[in-house]
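Being a predicted model, the structure only gives us computed values, none of them experimental. Whatever order the structure lists ligands and atoms in, that order sets their numbers, starting from 1. Computed from heavy atoms alone, side chains included, the values below leave out hydrogens, waters and symmetry copies.
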Amino acid sequence: MNTDDQGKRDGFTSRFGIIAAAAGSAIGLGNIWRFPYVAGENGGGAFLLVYLSFVLVLGIPVMLSEFVIGRKAKKNAFGAIRSIAPGTWWPVIGIMGIVAAFVILAFYSTIAGWTLHYVYLSLINGFKGHDSESLGIIFNEFMVSGAMPLFWQMVFLVLTAVIILSGVRKGIEKYSKILMPFLLLLLLGLCVRSLTLPGAMEGISFLFKPDFSKINPAVILSALGQAAFSLSIGMGALITYASYFPKETNLSNTAFEVSIADVIIAILAGVAIFPAVFALGMEPDGGVGLIFMVLPNVFQQMPGGYFFALAFFVLLSIAAVTSSISIMEVVVAFLVEEFQLKRRQATFITLVAAAFVGVFCTLSWGALEGVTIGGMNIFDSLDYAASSILLPLGGLLIVLFVGWYMTNTQVEQELSNAGQVKVRLFKVFNFIIRFIAPIAIAIIFLNGIGFIR
Ligand code: PHE
């Protein structure tokens with residue numbers, strides 16, 4: 001709840017709760033579903049290297065900038081920027097964030113719905129006795145079937161809305177902090193199994209041995225998009241979350257810890273997937289269904305595979321929910337604070353609108369297979385619009401705002417909790433957000449969309 005009955009703004013309580021909530025937003029399908037498939041399509045090792053450098057040099061500074069804006073203004077993304085820069089066009093960043101939130105919710109809930117279906121398949125032991133080929137068929141038949149994926153997508157969106165309604169502190173914090181450590185453990189278990197499959201080493205060299213001939217402007221833009229998507233930056237989700245942080249939160253440490261955790265989970269997901277891909281004689285560029293086709297295979301070759309599979313898909317669904325609530329919260333906080341709606345009304349409107357766009361997305365491989373935008377199906381074009389356009393541009397505007405519109409004193413004041421904590425590397429941060437990040441993002445973006453060569 002943004003405000004309780006006494007008009008006090010709700011917020012996160014403990015330090016661990018903050019890290020858990022921000023990490024809960026960052027860690028999700030982006031790491032475990034999206035990273036492996038995008039890395040697989042973009043050549044593996046070289047992509048990983050570019051992506052990692054972007055997280056360190058561009059991602060962490062953008063995240064920190066979002067924290068500064070959110071906690072200073074204590075408002076939704078649009079309202080926060082407007083309160084710092086009244087009467088300017090800067091709040092347009094907030095509007096872009098709302099658009100991005102709907103676009104991402106639409107395709108995110110498609111994949112989260114697939115994940116829920118895989119919880120169900122694990123539960124009924126539906127992978128048992130199937131080889132790679134028939135697991136591929138099971139996945140493809142499900143993906144194009146229409147009714148089932150839509151059903152699960154709606155279940156997922158309603159689940160997200162229910163958690164949103166139970167309020168920030170009680171809802172988000174409670175769920176995220178208990179469960180994420182388990183996901184990490186499971187992922188480690190999966191890595192061990194995957195690495196000990198015969199032929200696994202080929203997957204490791206695919207992921208860690210960069211082949212620079214695979215790099216081109218489009219690959220670089222996808223690495224930037226993947227970094228932004230996975231860190232939840234560029235659309236105000238973290239502005240919104242930071243508006244619930246208490247004044248004692250050490251913003252720099254939080255940004256650093258969350259980003260590192262996010263990267264570690266992505267790499268582990270890669271280590272769980274690629275050795276298995278090669279061991280099973282599959283192709284790394286299998287696309288959006290990669291983990292759904294590969295992992296059930298790996299589970300079957302593990303002792304206790306039934307439970308591993310079930311626990312994995314349950315935890316992945318939860319990781320997806322803790323991310324999707326941060327996306328939905330961007331819109332809900334905006335509607336509540338800017339239009340004085342009740343939280344219930346705002347959540348309901350957001351849910352219905354997201355479900356509407358989401359339907360088109362889920363039918364991208366079924367009924368709407370023939371509909372393409374710029375050569376991509378609906379799903380791929382929404383994913384591209386969000387990750388390769390809206391998030392990089394959002395990130396660009398956010399660093400420009402904090403670097404050039406806000407004063408150094410304002411920023412330093414916020415980073416140091418009004419002088420309570422020492423701010424290390426302020427000059428480096430300032431230089432990055434003023435010069436390096438804006439120039440780099442602009443060049444990567446224009447180059448990646450083919451505007452400059
Ligand atoms: N970072 C989330 C994930 O990896 C997705 C997300 C994107 C969340 C943008 C919020 C904002 O799954």
Side-chain angles (χ1 to χ4, degrees), residues 20-39 51 54-55 59-60 62-63 66-67 70 76-77 93-94 96-115 156-157 160 163-164 172 176 179-180 183-184 187 222-242 255 258-270 288 291 315-334 350 354 382-395 398:
S25 167
I27 297 167
L29 297 173
N31 311 60
I32 295 169
W33 155 73
R34 200 174 189 280
F35 172 76
Y37 109 74
V38 176
Y51 153 79
F54 287 167
V55 169
I60 296 178
V62 176
M63 186 181 284
E66 290 204 25
F67 284 172
N76 70 87
I93 300 174
M96 280 172 58
I98 307 286
V99 176
F102 278 115
V103 172
I104 297 178
L105 266 182
F107 73 83
Y108 206 81
S109 56
T110 299
I111 308 299
W114 294 359
T115 312
F156 179 79
L157 282 171
T160 305
I163 298 178
I164 287 271
I172 304 173
S176 2
L179 293 160
M180 286 309 106
L183 184 64
L184 180 71
L187 213 47
S222 349
L224 182 68
Q226 175 58 27
F229 186 85
S230 187
L231 294 173
S232 305
I233 55 178
M235 55 166 273
L238 296 180
I239 296 182
T240 310
Y241 265 27
V258 169
S259 303
I260 297 300
D262 190 63
V263 160
I264 291 176
I265 299 284
I267 296 180
L268 286 178
V288 286
I291 67 162
L315 288 171
L316 183 57
S317 308
I318 293 167
V321 170
T322 60
S323 299
S324 65
I325 47 183
S326 74
I327 309 172
M328 200 180 268
E329 181 68 20
V330 170
V331 187
V332 172
F334 170 75
T350 313
L382 289 184
D383 182 327
Y384 185 83
S387 321
S388 293
I389 301 176
L390 290 166
L391 298 185
L393 287 186
I398 286 165

Visitor: Which value, rounded to the nearest 0.5 Å, describes the distance between M235 atom CE and T240 atom OG1?
Guide: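 OG1 of T240 is found 7.5 Å from CE of M235.
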Visitor: CG of L382 to CZ of F102: how many Å apart, nearest 0.5 Å?
Guide: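 If I round to the nearest 0.5 Å, the distance is 13.0 Å.
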Visitor: Near N31, which atoms of ligand 1 are under 4.0 Å from a heavy atom of that residue?
Guide: 4 (O)
Visitor: Using 30° and 60° as the class limits, which term best fits the ring planes of W33 and F107: parallel, tilted or perpendicular?
Guide: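 Judged by the thresholds at 30° and 60°, the geometry between W33 and F107 is tilted.
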Visitor: For atom 12 (O) of ligand 1, what is the closest protein heavy atom, and at what distance to 0.1 Å?
Guide: Y108 OH, 2.4 Å
Visitor: Considering non-hydrogen atoms of the protein only, which is the closest contact for atom 8 (C) of ligand 1, and what is the distance?
Guide: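 Looking at atom 8 (C) of ligand 1, the protein heavy atom closest to it is S232 OG, 3.2 Å.
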Visitor: For atom 5 (C) of ligand 1, grab the closest protein heavy atom and report residue, atom and distance to one decimal in Å.
Guide: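 Nearest neighbour among protein heavy atoms for atom 5 (C) of ligand 1, to 0.1 Å: F229 O, 3.6 Å.
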Visitor: Measure the shortest side-chain to side-chain distance between E66 and I239 over non-hydrogen atoms and say whether it is less than 4.5 angstrom.
Guide: yes
Visitor: Pairs of nitrogen or oxygen atoms closer than 3.5 Å, one from L391 and one from ligand 1: do any exist?
Guide: no
Visitor: Counting only heavy atoms closer than 4.0 Å, does ligand 1 sit against the backbone of M235, its side chain, both, or neither?
Guide: side chain
Visitor: Quick test: of every protein heavy atom, which one is nearest to atom 2 (C) of ligand 1, and how far off is it to 0.1 Å?
Guide: S25 O, 3.2 Å
Visitor: Would you mind listing which atoms of ligand 1 come within a distance below 4.0 Å of any non-hydrogen atom of G28?
Guide: 3 (C), 4 (O), 12 (O)
Visitor: Which of the numbered atoms in ligand 1 are below 4.0 angstrom from a heavy atom of S326?
Guide: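 Under 4.0 Å from S326, ligand 1 has these atoms: 8 (C), 10 (C).
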Visitor: Tell me whether ligand 1 is touched by W33 - counting only heavy atoms on the residue side and a distance under 4.0 Å.
Guide: no
Visitor: Purely on distance, is any nitrogen or oxygen of S230 under 3.5 Å from one on ligand 1?
Guide: yes
Visitor: When rounded to the nearest 0.5 angstrom, what distance separates OG in S324 from CG in L105?
Guide: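 Answer for the OG-CG pair, S324 versus L105, is 6.5 Å.
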Visitor: Of all the non-hydrogen atoms in the protein, which one sits nearest to atom 3 (C) of ligand 1, and at what distance?
Guide: A26 O, 3.2 Å
Visitor: Can you find an N/O atom of G30 closer than 3.5 Å to an N/O atom of ligand 1?
Guide: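 In this structure, G30 places an N or O atom under 3.5 Å from an N or O of ligand 1.
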Visitor: Which of these, L187, I291, I111, sits in a side chain to side chain contact (heavy atoms under 4.5 Å, CB included) with L316?
Guide: I291
Visitor: Rounded to the nearest 0.5 Å, how far does CG of L184 lie from CG of L268?
Guide: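 So the CG of L268 and the CG of L184 are separated by 6.5 Å.
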Visitor: Could you grab the distance from atom CD1 of I93 to atom CD1 of I98, nearest 0.5 Å is fine?
Guide: 12.5 Å
Visitor: Of all the heavy-atom pairs spanning A101 and V331, show the shortest one and how long it is.
Guide: CB-CG2, 3.7 Å
